[in-house]
Amino acid sequence: MEHIKCLIIGSGPAGYTAAIYASRANIAPVVYAGLQPGGQLTTTTEVENFPGYPEGVQGPELMEDLRKQAERFGAQVRDAVITEANLDAKPYVFKDDSGNELIADTVIIATGATAKYLGLSDEEKYRGMGVSACATCDGFFYRKKVVAVVGGGDTACEEALYLSGLASKVYLIVRKPFLRASKVMQERVFKNEKIEVLFEHNTLGLFGENGVEGAHLVKRLGEADEERYDIAIDGFFLAIGHQPNSTLFKKWVNTDQMGFILTQGNTQATNVEAVFAAGDVCDPVYRQGIVAAGSGCKAAMEAERYLSEHELI
Ligand code: NDP
C-alpha cells in the first residue's frame, strides 16, 4: 500500500498552496485533484482580486499556474478522486477511484464547496442551456437579454449587480419579504434601475424550446392571496449558497450544521489529529481564493510541524 506523508485532497487555491508549501518543506505531498481539477475558479473568467496580477488573470490560467508552481517543487498532482476514507486509526487509510489503497500520516482536506441548486428537475434539463450558478462565468452570454437571479444573500446581490452591467433586465427572486444581504449591497440593488426584486417569490419550474425562455413563479406560496404567473427570461442564475464538500469525512471530522468543517482556534487543525482543513470546505464566510490560499499555507505548515514533532520525517 502506498504510504504518503502528506495527502492533500482537493486542487483549488487551498490545495495547491498547501502543495507548494508542503513540497518546499520536503514532505512529498500528493494532491488528489478531484472531480473538478483547479476547483471553482476554473469556472470563472477574469479574476481581478487575486494579489499579484495587476491586469487580472483568467481563472483557469491562475489555477494552472498554481498547479505548475506546486509541481515545480515536487508535489505529485493526480487527476483522480479520493472515494473512501477511514480515519479510525493512524495512519489513515484512503481509496481512490481506481481502487488504489493508500495510507497517509497527515491529511489536508481542501475539497471546497459546491453551489446549491433548488432541486427542480428543470435545472438539470436546462443546465448549460440557460441555467447557471456563476454569473461571472456565464453572464457574458446574456448581454442585452433578460435574466433572473435566485437568492437574497450577498452572493445573489453581487450576481444581480454584475449581470445588470450586461443584461437588459435582471429579476431578483427572493423567497422572503426581505434581503439577507448586507445593507450596502441591498442599497446598490434597490438603486439599480435594471434590477426588479420579486419578494416572497419561489420558482416552480422553467420552460423553453431550445433553452430557457421563462420561469413559472409563485408569489406568497400557500397564502390566501397566492398568485402564480410566468416571466420571460433567457437566463436563470442560482445564488442560494454553497454546500461544503465534507461528506466523506463527516463520520470523524466535526462540522457545523451546514457541513463546514470546524477548525480549532487560529489553526487549520480539525478535531482529528493530523487532519487539517483549508479553503471553502471550512469557510462559510469569506469564500475567496486568496483566503483559501492563505489557509492552505497554514495547513501545510501545521502538517509539516506535526510530522516533524512525531519524527515522521
Ligand atoms: P447566504 O446563505 O447568505 O444566502 C443564501 C440566500 O439564498 C438567502 O437569501 C436564502 O434565503 C436563499 N435561499 C437558500 N435556499 C433557497 C431556496 N431553496 N429557495 C430560495 N432561496 C433560497 O449565501 P451567500 O452565498 O449569499 O453568502 C454566503 C456568505 O458569503 C455570507 O456570509 C455572505 O455575507 C458572504 N459573501 C460576502 C460577499 C461580499 O461581502 N462581497 C459576497 C458574497 C458572499 P433566506 O434568507 O430565506 O434563507
Side-chain angles (χ1 to χ4, degrees), residues 12-14 39-41 43-44 46-51 59 112-124 131-139 147-165 170-192 195-206 215-223 226 228 231 233 236-246 255-263 279-292 294-295:
Q40 292 176 77
L41 280 178
T43 62
T44 312
E46 190 87 0
V47 179
E48 294 180 328
N49 53 9
F50 201 93
T114 306
K116 283 199 243 172
Y117 285 79
L118 295 171
L120 302 171
S121 60
D122 288 340
E123 288 170 319
E124 275 305 318
V131 172
S132 167
C134 179
T136 39
C137 315
D138 301 322
V147 296
V149 177
V150 185
D154 280 318
T155 304
C157 290
E158 207 168 66
E159 305 268 87
L161 288 162
Y162 176 82
L163 287 166
S164 73
V170 181
Y171 292 104
L172 185 59
I173 304 172
V174 184
R175 66 180 174 182
K176 292 223 172 98
F178 56 85
L179 291 173
R180 179 202 285 230
S182 54
K183 283 278 169 285
V184 57
M185 291 299 261
Q186 295 195 22
E187 274 164 27
R188 280 190 213 158
V189 163
F190 293 138
K191 256 202 262 168
N192 191 306
I195 302 176
E196 181 179 341
V197 186
L198 303 176
F199 285 115
E200 298 182 89
H201 277 71
N202 281 287
T203 311
L204 298 173
L206 302 168
H216 304 298
L217 302 185
V218 55
K219 185 178 179 187
R220 291 176 56 76
L221 179 68
E223 302 296 326
E226 177 185 301
R228 292 177 184 234
I231 53 169
I233 51 168
F236 184 74
F237 288 82
L238 284 310
I240 59 169
H242 285 73
Q243 183 67 45
N245 300 320
S246 60
T255 64
D256 68 9
Q257 77 235 34
M258 305 269 297
F260 288 95
I261 293 177
L262 297 171
T263 51
D280 284 9
V281 74
C282 59
D283 178 6
V285 179
Y286 302 103
R287 303 195 301 102
Q288 298 300 304
I290 189 62
V291 178
S295 66

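The shown structure was predicted, so the numbers you read here are calculated from the model rather than taken from an experiment. When a residue number appears, it is its place in the shown sequence, counting from 1. Scope of the values below: all heavy atoms of this structure, side chains included, with no hydrogens, waters or symmetry mates. Start at 1 and go down the list; that is how both ligands and their atoms are numbered.
Using a 4.5 Å heavy-atom threshold, the side chains of V281 and H242 count as separate. Using a 4.5 Å heavy-atom cutoff, the side chains of L217 and Y171 are not in contact. You'll find the side chain of L161 reaches within 4.5 Å of the side chain of N192, heavy atoms only.
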Need the list: ligand 1 N/O atoms against protein N/O atoms, distance under 3.5 Å, rounded to one decimal.
unit_1	atom_1	unit_2	atom_2	d
ligand 1	9 (O)	G152	N	2.9
ligand 1	9 (O)	G153	N	3.3
ligand 1	11 (O)	R175	NE	3.3
ligand 1	25 (O)	T155	OG1	2.6
ligand 1	25 (O)	R287	NH2	3.4
ligand 1	26 (O)	D154	N	3.3
ligand 1	26 (O)	T155	N	3.0
ligand 1	26 (O)	T155	OG1	3.1
ligand 1	30 (O)	V285	O	3.2
ligand 1	34 (O)	D154	OD2	2.5
ligand 1	41 (N)	E158	OE2	3.0
ligand 1	46 (O)	R180	NE	3.1
ligand 1	46 (O)	R180	NH2	3.4
ligand 1	47 (O)	R175	NE	2.9
ligand 1	47 (O)	K176	NZ	2.9
ligand 1	48 (O)	R175	NH2	3.1
ligand 1	48 (O)	R180	NH2	2.4

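With sequence neighbours excluded, the residues that form a salt bridge (charged side-chain N to carboxylate O under 4.0 Å, His left out) with E200 are R220.
Q40 places no side-chain N or O within 3.5 Å of a backbone atom of G12 that could act as its donor or acceptor partner. With hydrogens and angles disregarded, no donor-acceptor distance shorter than 3.5 Å links the side chain of E159 to the backbone of A239.
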